[in-house]
Amino acid sequence: MKNWDIFLTPYKQAVEELKIKLKGIREQYQKSSKHTPIEFVTGRVKPISSILDKAKRKNIPLDRLEEEMQDLAGLRIVTQFVEDIETVVEIIRSRNDFVIVEERDYIIEKKPSGYRSYHIVLQYPVQTIEGEKQILVELQIRTLAMNFWAIIEHSLNYKYSGEIPDYIKMRLQRAAEAAFRLDEEMSLIRDEVREAQQIITRKQEQGRKF
Ligand code: 0O2
Ligand code: 0O2
């Protein structure tokens, strides 16, 4: 019988630490009045029921979770534009507070479901009372449009226990194509949107000064 509370504690710590670090990047961009490539950051430790389901589905023995389940700790970075994803990936690659173990590009090659996202698996050092512990963390980097699609598809998958009826699957694939086109269209007016956002940010900053 696993003591989940003890086992998951370093994962909780890693999620909290990385949330602060990634939100810090966003804050630095905002303070320097540059377009921030990060819209928002969320994070979670995988719920125990999902861990057990995934371990069963992927035949992972419970004593191999640390090595074989890469998303026990998960962070999501959501961007406005597809181009921002590359910027975020470069920032992540340039840091020295963790090591990148693997990158999976589901944007160039989307999943059969229609899922698009850029995944990076990190090895992140957590300081514990027993010394440093290296743990795996999965970062998902995606646009608002990709995120919208993934959230909807995820809830339908949950509803249908992974067996989404074909007619809904087809609709989801069409929705994924529409999300892709939305990202493309937004990219075409990116400079306009960024300029407008900078004007709004400057106005807000001025408002705070008075
Ligand atoms: P801020 O300053 O608004 O970014 P937390 O522990 O609350 O810091 P957690 O547990 O990850 O973070 O919370 P959650 O609910 O997953 O959401 C994380 C942050 O993402 C929250 O901001 C949400 O407001 C923001 N968020 C979630 N969905 C959206 C969205 O669709 N659009 C935008 N713009 N933001 C979203 P914070 O953390 O309160 O702080
Ligand atoms: P959660 O916490 O419910 O989101 P896999 O074999 O695909 O299950 P693998 O090989 O460990 O997983 O890694 P992958 O596919 O790079 O990343 C897995 C995570 O990416 C999933 O976590 C989802 O969050 C997300 N993801 C991957 N494919 C899809 C998809 O088709 N639709 C949606 N909505 N999300 C996807 P979990 O395990 O589902 O956990």
Side-chain angles (χ1 to χ4, degrees), residues 2 4 7-16 18-19 22 38-79 82 85-86 88-89 92-93 98-124 134-180 182-183:
K2 220 173 167 68
W4 288 104
F7 175 67
L8 292 175
T9 297
Y11 292 89
K12 280 188 194 134
Q13 190 173 320
V15 168
E16 292 311 314
L18 282 164
K19 252 192 330 204
L22 297 169
I38 298 177
E39 179 67 8
F40 64 89
V41 176
T42 63
R44 61 100 185 95
V45 173
K46 208 175 184 66
I48 298 167
S49 58
S50 309
I51 299 175
L52 293 173
D53 284 351
K54 189 164 182 170
K56 200 166 164 196
R57 186 159 44 85
K58 300 192 86 175
N59 267 324
I60 302 174
L62 292 188
D63 59 0
R64 297 281 307 159
L65 288 176
E66 263 176 65
E67 299 83 2
E68 294 185 29
M69 199 171 288
Q70 296 177 327
D71 66 341
L72 292 171
L75 274 298
R76 186 170 294 156
I77 302 171
V78 179
T79 71
V82 179
I85 295 177
E86 191 53 38
V88 173
V89 171
I92 299 297
R93 284 188 190 140
F98 43 69
V99 174
I100 295 179
V101 175
E102 205 177 322
E103 294 188 26
R104 290 195 283 268
D105 188 346
Y106 300 125
I107 295 176
I108 286 183
E109 199 145 339
K110 67 171 196 276
K111 287 207 165 186
S113 59
Y115 178 77
R116 287 187 306 137
S117 205
Y118 197 94
H119 291 194
I120 300 181
V121 180
L122 307 176
Q123 197 171 46
Y124 183 78
Q134 300 286 344
I135 65 161
L136 294 176
V137 176
E138 185 188 74
L139 293 189
Q140 299 181 340
I141 309 161
R142 45 167 91 143
T143 63
L144 285 161
M146 295 174 194
N147 193 45
F148 178 40
W149 184 92
I151 289 171
I152 302 288
E153 199 261 0
H154 193 270
S155 38
L156 285 170
N157 245 317
Y158 187 79
K159 175 177 174 190
Y160 291 105
S161 312
E163 305 283 336
I164 300 179
D166 282 347
Y167 76 98
I168 299 181
K169 264 195 197 150
M170 199 188 71
R171 289 261 173 226
L172 280 169
Q173 271 156 12
R174 285 170 61 174
E177 281 157 27
F180 177 76
L182 177 61
D183 274 333

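When a ligand or atom number is given, it counts from 1 through the structure's own listing order. These numbers come from a predicted model, not from an experiment.
Distances below 4.0 Å separate heavy atoms of Lys46 from the following atoms of ligand 2: 1 (P), 2 (O), 37 (P), 38 (O), 40 (O). The Ala150 neighbourhood of ligand 2 comprises atoms 34 (N), with distances under 4.0 Å to a heavy atom of that residue. Close approach to Arg44 involves these atoms of ligand 2, each under 4.0 Å from a residue heavy atom: 2 (O). Heavy-atom proximity to Tyr106, at under 4.0 Å, picks out these atoms of ligand 2: 14 (P), 15 (O), 16 (O).
Closest heavy-atom contact between Asp71 and Lys54: OD2-NZ, 3.2 Å. In terms of heavy atoms, Ser117 sits closest to Gln140 at OG-CB, 4.1 Å. A pairwise comparison of heavy atoms in Ile135 and Ala14 identifies CD1-CB, 3.4 Å as the closest pair. Annotation for Phe98 and Ile92: closest pair CE1-O, 3.5 Å, computed over non-hydrogen atoms.
The shortest contact between atom 15 (O) of ligand 2 and any protein heavy atom is with Lys111 NZ, 2.5 Å. For atom 26 (N) of ligand 2, the closest non-hydrogen atom of the protein is Tyr115 CZ, 3.5 Å. If you check which protein heavy atom lies closest to atom 33 (C) of ligand 2, you get Glu153 OE1, 3.2 Å. Of all protein heavy atoms, the one closest to atom 13 (O) of ligand 2 is Arg104 NH2, 3.4 Å. At the top of the distance list for atom 18 (C) of ligand 2, counting protein heavy atoms only, stands Glu138 OE2, 4.0 Å.
Residue contacts with ligand 2: Gln140 is placed with a nitrogen or oxygen under 3.5 Å of a nitrogen or oxygen of the ligand (distance criterion only). Taking any N or O of His119, backbone or side chain, at least one lies under 3.5 Å from an N or O belonging to ligand 2. On a distance-only criterion, Arg76 and ligand 2 share no N/O pair closer than 3.5 Å.
The heavy atom nearest to atom 38 (O) of ligand 2, considering only Lys54, Met146, Glu102, is found in Lys54. The option with the heavy atom closest to atom 9 (P) of ligand 2, from among Gln70, Lys58, Arg57, is Lys58. The nearest non-hydrogen atom to atom 31 (O) of ligand 2, considering only Ser113, Ala176, Gly162, Ser155, comes from Ser113.
Only the side chain of Asp71 comes within 4.0 Å of ligand 2, judged by heavy-atom distances. Residue contacts with ligand 2 for His154 involve both N, CA, C or O and side-chain atoms from C-beta outward (heavy atoms, distance under 4.0 Å).
A salt bridge (Lys or Arg N to Asp or Glu O under 4.0 Å) with Glu138 is found for one member of Arg104, Lys46, Arg76, Arg44 and no other, namely Arg104.
Between the Gln173 side chain and the Pro112 main chain, a donor and an acceptor come within less than 3.5 Å of each other. Formation of a donor-acceptor pair under 3.5 Å by the Trp149 side chain with backbone atoms of Leu172 is found in this model.
Between Val15 and Val137, the closest side-chain pair of non-hydrogen atoms is not below 4.5 Å.
Comment: Glu68 does not engage Lys58 in a salt bridge, judged by the lack of any side-chain N to carboxylate O separation of less than 4.0 angstrom.
Using bins of under 30°, 30° to 60° and over 60° for the plane-to-plane angle, the ring pair Phe7/Tyr11 lands in the tilted bin.
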Does the pair Arg174 and Glu177 meet the rule for a salt bridge (Lys or Arg N to Asp or Glu O under 4.0 Å), with working shown? CA-CA 5 Å; Arg174 285 170 61 174; Glu177 281 157 27; over 6 Å; no
